[in-house]
Amino acid sequence: MEGSRFVKDGLWHDQRLEAQERIMALQFGQVEKRLERIEAMIEGLERRLWMTVYGVVAVILTQAVQGILEYAPKGG
C-alpha cells in the first residue's frame with residue numbers, strides 16, 4: 001500500500017507542476033501582450049510629443065523671420 005501511495009503522490013506532484021507551468025506561461029503571455037500595448041502607446045505619445053516640439057519650433061522661427069523682415073532696411 002505504501003508504494004502505491006508514493007506513486008499517486010508523485011503523479012499528483014507532476015500534474016501539479018505541469019498545471020503551474022501552464023498557468024505561468026499564460027500569465028507571462030498576458031504580461032507580454034500588456035507590455036506590447038504599453039510600448040505602442042508610448043510610441044504614439046512620442047510621435048505626438050515630437051510633432052508638438054516641431055510645431056513650437058516652427059512658430060518661433062516664423063516669428064523670428066517676420067521680426068527680421070520687419071526691421072530690415074527696405075530697398076527703394
Side-chain angles (χ1 to χ4, degrees):
M1 280 288 211
E2 287 293 320
S4 64
R5 184 176 146 240
F6 287 127
V7 169
K8 288 180 184 176
D9 286 346
L11 184 61
W12 171 248
H13 181 71
D14 289 344
Q15 289 175 343
R16 217 172 130 206
L17 281 176
E18 286 178 21
Q20 285 177 341
E21 287 175 355
R22 278 188 253 134
I23 289 171
M24 287 177 61
L26 287 172
Q27 288 174 336
F28 280 121
Q30 290 298 318
V31 168
E32 189 172 335
K33 286 179 185 177
R34 287 181 188 164
L35 285 174
E36 287 172 359
R37 282 197 315 245
I38 290 170
E39 286 176 356
M41 288 183 348
I42 289 173
E43 287 176 6
L45 287 172
E46 186 177 9
R47 275 194 301 271
R48 289 181 191 156
L49 175 65
W50 280 113
M51 290 302 290
T52 302
V53 168
Y54 291 145
V56 169
V57 168
V59 168
I60 292 171
L61 288 176
T62 302
Q63 289 178 349
V65 169
Q66 284 177 346
I68 291 171
L69 291 176
E70 194 174 300
Y71 288 109
K74 299 196 179 177

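Bear in mind the structure is a predicted one, so any value in this text is a computation, not a measurement.
- Ile38 has its side chain within reach of Ile42: a pair of non-hydrogen atoms, C-beta onward, lies under 4.5 Å apart.
- One distance of note links CD of Glu43 with CZ of Arg48; it measures 12.5 Å at 0.5 Å rounding.
- Between the CD atom in Gln27 and the CD atom in Gln20 there is a gap of 10.5 Å [rounded to 0.5 Å].
- Between Gln30 atom CD and Glu32 atom CD the span is 10.5 Å, to the nearest 0.5 Å.
- Note that CZ of Arg47 is 14.0 Å distant from CH2 of Trp50, once rounded to the nearest 0.5 Å.
- With values rounded to the nearest 0.5 angstrom, Glu36 atom CD is found 7.0 Å from Glu39 atom CD.
- Taking CG from Leu49 and OH from Tyr54, the interatomic distance works out to 10.0 Å, rounded to the nearest 0.5 Å.
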